[in-house]
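Inspection log for the structure reproduced underneath, given as structure tokens.
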Amino acid sequence: MYIKKVMLMIVLLLSLLVGVNVKSVGAASANKLVIHYYRYDETIGEYDLWLWPSGGEGTNYAFNGTDSYGSIASIDLTSNNLEGASSIGVIVKKNNPWEKDINSDRFINMSNPNSSGEVHAYLLQGEEFISYINSDTASCDRDVFNDPLECAQVIEVKLLDTYFNDNLNIEFSASVTVSSDDVVILKDGNPVGYTGFTSGTSGTLVLDEAVDVTARYELQVDLGEKTDTSIIRVGNDYDSEIFQNAYNYDGTLGAIYGGTETTFKLWAPVSSNVELNLYNAGHTIATRIDGDDTAEVHQMTYLEKGVWEVTIEGDLHGMYYTFNVVNNGTKVSDIQDPYSLSLGVNGLRSMVVNFDAINPEGWDSDSGINGFTSPNNSIIYEIHIRDLTSQAAWGGPSEYAKTYMGFTVLGTSFTNSITGVTVSTGLDHLIELGITHVHLLPTYDQDNWNDERDMEFNWGYNPVNYNSPEGGYSTDPFD
């Protein structure tokens, strides 16, 4: 009996010691969604919500209350066809026509309701990030959206957006009220006069001189607590003549390799800041001996026509890299280079490559196959890389099944155990059919990985990196 009492006291003592770190046990499933939304400009009456269960149809919802954070939309899931959804899509918008607060779809994680079955999601004007708490309970890195269950929204003093509209007037918005005395416009670093200012959290500025779309314009605003500076971008109408005149760039982009230095150029015309991250490994899983996955971060410099640049000294062949960009005041981290010529596993990080060191012998002198005097002589066969060698009946080396190398194997066949009939398979079968040209379904790097990071079958019409081959068809994706 004495031992049992001692054990009970130990258990109670331990529970008291660790109790401050134990989270309350939530309900098994959510029955209510409460969306909290804060706008700096207090125009909440013009906004409502568009919600939909992942994969389902959308419905309009109004904000129906307020709290100390901002406006609230309290939604009973059981009566709104949202019950049981693992995630719910959300768009904060104006109507007639639609004007999104964030120009992307977001999804609220519904898997962690509180003990009352409620999921509380906190949204902030101009921020893509979704928080699930009203105040920080632990340190977190919101720039990489790390553990959103422990990260609160940060309501801060800042410029929200600055851009040229279709009339080449400057539209701006800030988180606090500013006056004309607080604002300076810079053209290539030199002040420029303007008129048409109206005090408030947003306004329209008209320059005293014609806008030079080849110049770099910045808006500098004294916000009281700090002075914030933002590049004035051309609006997001990428097909407009204004945008094309301002940002049509026909130079080289990507990682421009040199033996003693590599220059990185990224076309990011709507970004107000860009950084380069350098990594030793092409994947985020720490499989190196030292387990170090620290990025070396370099600030990039704006050149012209929407292009950002930085040059790093040394031989970077085999190094991996990504970019961080700030768009509309929101930082998005670890973006691949759209001009990547090679990437790490799953295409998450771009790679610097010295192709002179790795190209097969005769690569530069290869001229393709001759022998056809007319395209009418071609017999074309379309096939997926994996399909040619995916069946066990193919008969080739198992390590080459579903890969690029499977297309190089000759002499494969299949014999029917009942009829005894033998037929050619793989490449031999195509030759036997009289095929002259094989049209491969897309082979560029694709988004074809499921939640378990296993490769799923896909026709290939979902590109991620156009200029690099899909690693899933290789015999070693890590090489």
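Positions are given from 1 along the sequence.
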Side-chain heavy-atom pair [X], [Y] within 4.5 angstrom cut-off:
{"X": "V34", "Y": "I72", "result": "yes"}
{"X": "T311", "Y": "T262", "result": "no"}
{"X": "V221", "Y": "L159", "result": "yes"}
{"X": "Q336", "Y": "L343", "result": "yes"}
{"X": "I185", "Y": "L219", "result": "yes"}
{"X": "V353", "Y": "H317", "result": "yes"}
{"X": "E225", "Y": "V176", "result": "no"}
{"X": "N277", "Y": "N324", "result": "yes"}

Distance check, rounded to the nearest 0.5 Å: [X] atom [atom1] versus [Y] atom [atom2]?
{"X": "D364", "Y": "N359", "atom1": "CG", "atom2": "CG", "answer": "6.0 Å"}
{"X": "Y132", "Y": "H36", "atom1": "OH", "atom2": "NE2", "answer": "12.0 Å"}
{"X": "D188", "Y": "D212", "atom1": "CG", "atom2": "CG", "answer": "7.5 Å"}
{"X": "T322", "Y": "D334", "atom1": "OG1", "atom2": "CG", "answer": "3.5 Å"}
{"X": "I108", "Y": "S54", "atom1": "CD1", "atom2": "OG", "answer": "12.0 Å"}
{"X": "E118", "Y": "K32", "atom1": "CD", "atom2": "NZ", "answer": "5.0 Å"}

Exceeds 12 heavy-atom contacts within 6.0 angstrom, atom [atom1] of [X]:
{"X": "Y400", "atom1": "OH", "value": "no"}
{"X": "D366", "atom1": "CG", "value": "yes"}
{"X": "Y217", "atom1": "OH", "value": "yes"}
{"X": "E313", "atom1": "CD", "value": "no"}
{"X": "E382", "atom1": "CD", "value": "yes"}

Measure from the side-chain N and O atoms of [X] to the backbone N and O of [Y], and report whether any donor-acceptor pair falls under 3.5 Å.
{"X": "N167", "Y": "N169", "answer": "no"}
{"X": "E470", "Y": "G472", "answer": "yes"}
{"X": "T389", "Y": "K402", "answer": "yes"}
{"X": "Q446", "Y": "P442", "answer": "yes"}
{"X": "Y122", "Y": "Y69", "answer": "no"}
{"X": "Q125", "Y": "Y40", "answer": "yes"}
{"X": "D67", "Y": "G70", "answer": "yes"}
{"X": "S271", "Y": "V325", "answer": "no"}
{"X": "S131", "Y": "C151", "answer": "yes"}

Next item on the list: Hey, could you give me each pair passing side-chain hydrogen bond (donor to acceptor under 3.5 Å, both in side chains) that has a residue in residues 81-92? Not counting sequence neighbours.
Entry: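 Sorted pair list comes back empty.
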Next item on the list: Apply side chain to side chain contact (heavy atoms under 4.5 Å, CB included) to the pair L303 and E309, showing each step before the final yes or no.
Entry: CA-CA 7 Å; L303 295 181; E309 178 188 81; 3.5 Å; yes
Just checking [X] against [Y], ring centres under 6.0 Å apart?
{"X": "F478", "Y": "H283", "value": "yes"}
{"X": "Y321", "Y": "F264", "value": "yes"}
{"X": "W267", "Y": "Y249", "value": "no"}
{"X": "W52", "Y": "F107", "value": "yes"}

Mind listing the side-chain donor-acceptor pairs of residues 201-208 below 3.5 Å, one per line with the distance, residues two or more places apart or on another chain?
| from | atom 1 | to | atom 2 | distance (Å) |
| --- | --- | --- | --- | --- |
| T204 | OG1 | E171 | OE1 | 3.0 |
| T204 | OG1 | E171 | OE2 | 3.3 |
| D208 | OD2 | Y194 | N | 3.4 |

Margin query: Under a 3.5 Å threshold, yes or no: a donor from one side chain and an acceptor from the other, between S468 and S342?
Written below: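 No, because no side-chain N or O of S468 sits under 3.5 Å from a partner of the opposite role on S342.
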Next item on the list: Verify the distance criterion only: is there a donor paired with an acceptor across the side chains of D476 and S474 at less than 3.5 Å?
Entry: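 There is no such pair between these side chains.
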Next item on the list: Begin with the C-alpha distance, continue with both residues' side-chain angles, and end with the deciding distance and a verdict on side-chain hydrogen bond (donor to acceptor under 3.5 Å, both in side chains) for D337 and S340.
Entry: CA-CA 5 Å; D337 183 355; S340 301; 4.8 Å; no
Which heavy atom of [X] sits nearest to which heavy atom of [Y], and what is that distance?
{"X": "A255", "Y": "V352", "result": "CB-CG2, 4.3 Å"}
{"X": "P338", "Y": "N467", "result": "O-ND2, 3.6 Å"}
{"X": "Y404", "Y": "T443", "result": "OH-O, 3.6 Å"}
{"X": "I335", "Y": "V332", "result": "CD1-CG1, 3.9 Å"}
{"X": "A174", "Y": "L223", "result": "CB-CD2, 4.2 Å"}
{"X": "S71", "Y": "F63", "result": "CB-CD2, 4.0 Å"}

Item checked: With sequence neighbours excluded, residues passing ring-ring contact (aromatic ring centres under 6.0 Å, His included) with Y257 ->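 Per chain and number, Y257 pairs via ring-ring contact (aromatic ring centres under 6.0 Å, His included) with no residue.
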Next item on the list: Would you verify whether the NZ or CZ of R349 falls within 45 degrees of the ring axis of Y320 while also being under 6.0 Å from that six-membered ring's centre?
Entry: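 Verdict for Y320: no cation-pi partner in R349.
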Item checked: Verdict with reasoning, K265 to Y339, per side chain to side chain contact (heavy atoms under 4.5 Å, CB included) -> CA-CA 9 Å; K265 289 187 176 182; Y339 284 82; over 6 Å; no
For [Y], is there an ion pair with [X] - N to carboxylate O distance below 4.0 angstrom?
{"X": "R39", "Y": "D101", "result": "yes"}
{"X": "E209", "Y": "K187", "result": "yes"}
{"X": "K100", "Y": "D105", "result": "yes"}

Next item on the list: Could you please spell out the steps behind the side chain to side chain contact (heavy atoms under 4.5 Å, CB included) verdict for V92 and Y37?
Entry: CA-CA 9 Å; V92 181; Y37 180 54; 3.5 Å; yes
Notebook entry, point to check: Going through the distances and angles, do Q299 and N273 end up as a side chain to side chain contact (heavy atoms under 4.5 Å, CB included)?
Noted result: CA-CA 8 Å; Q299 178 64 47; N273 190 62; 2.7 Å; yes
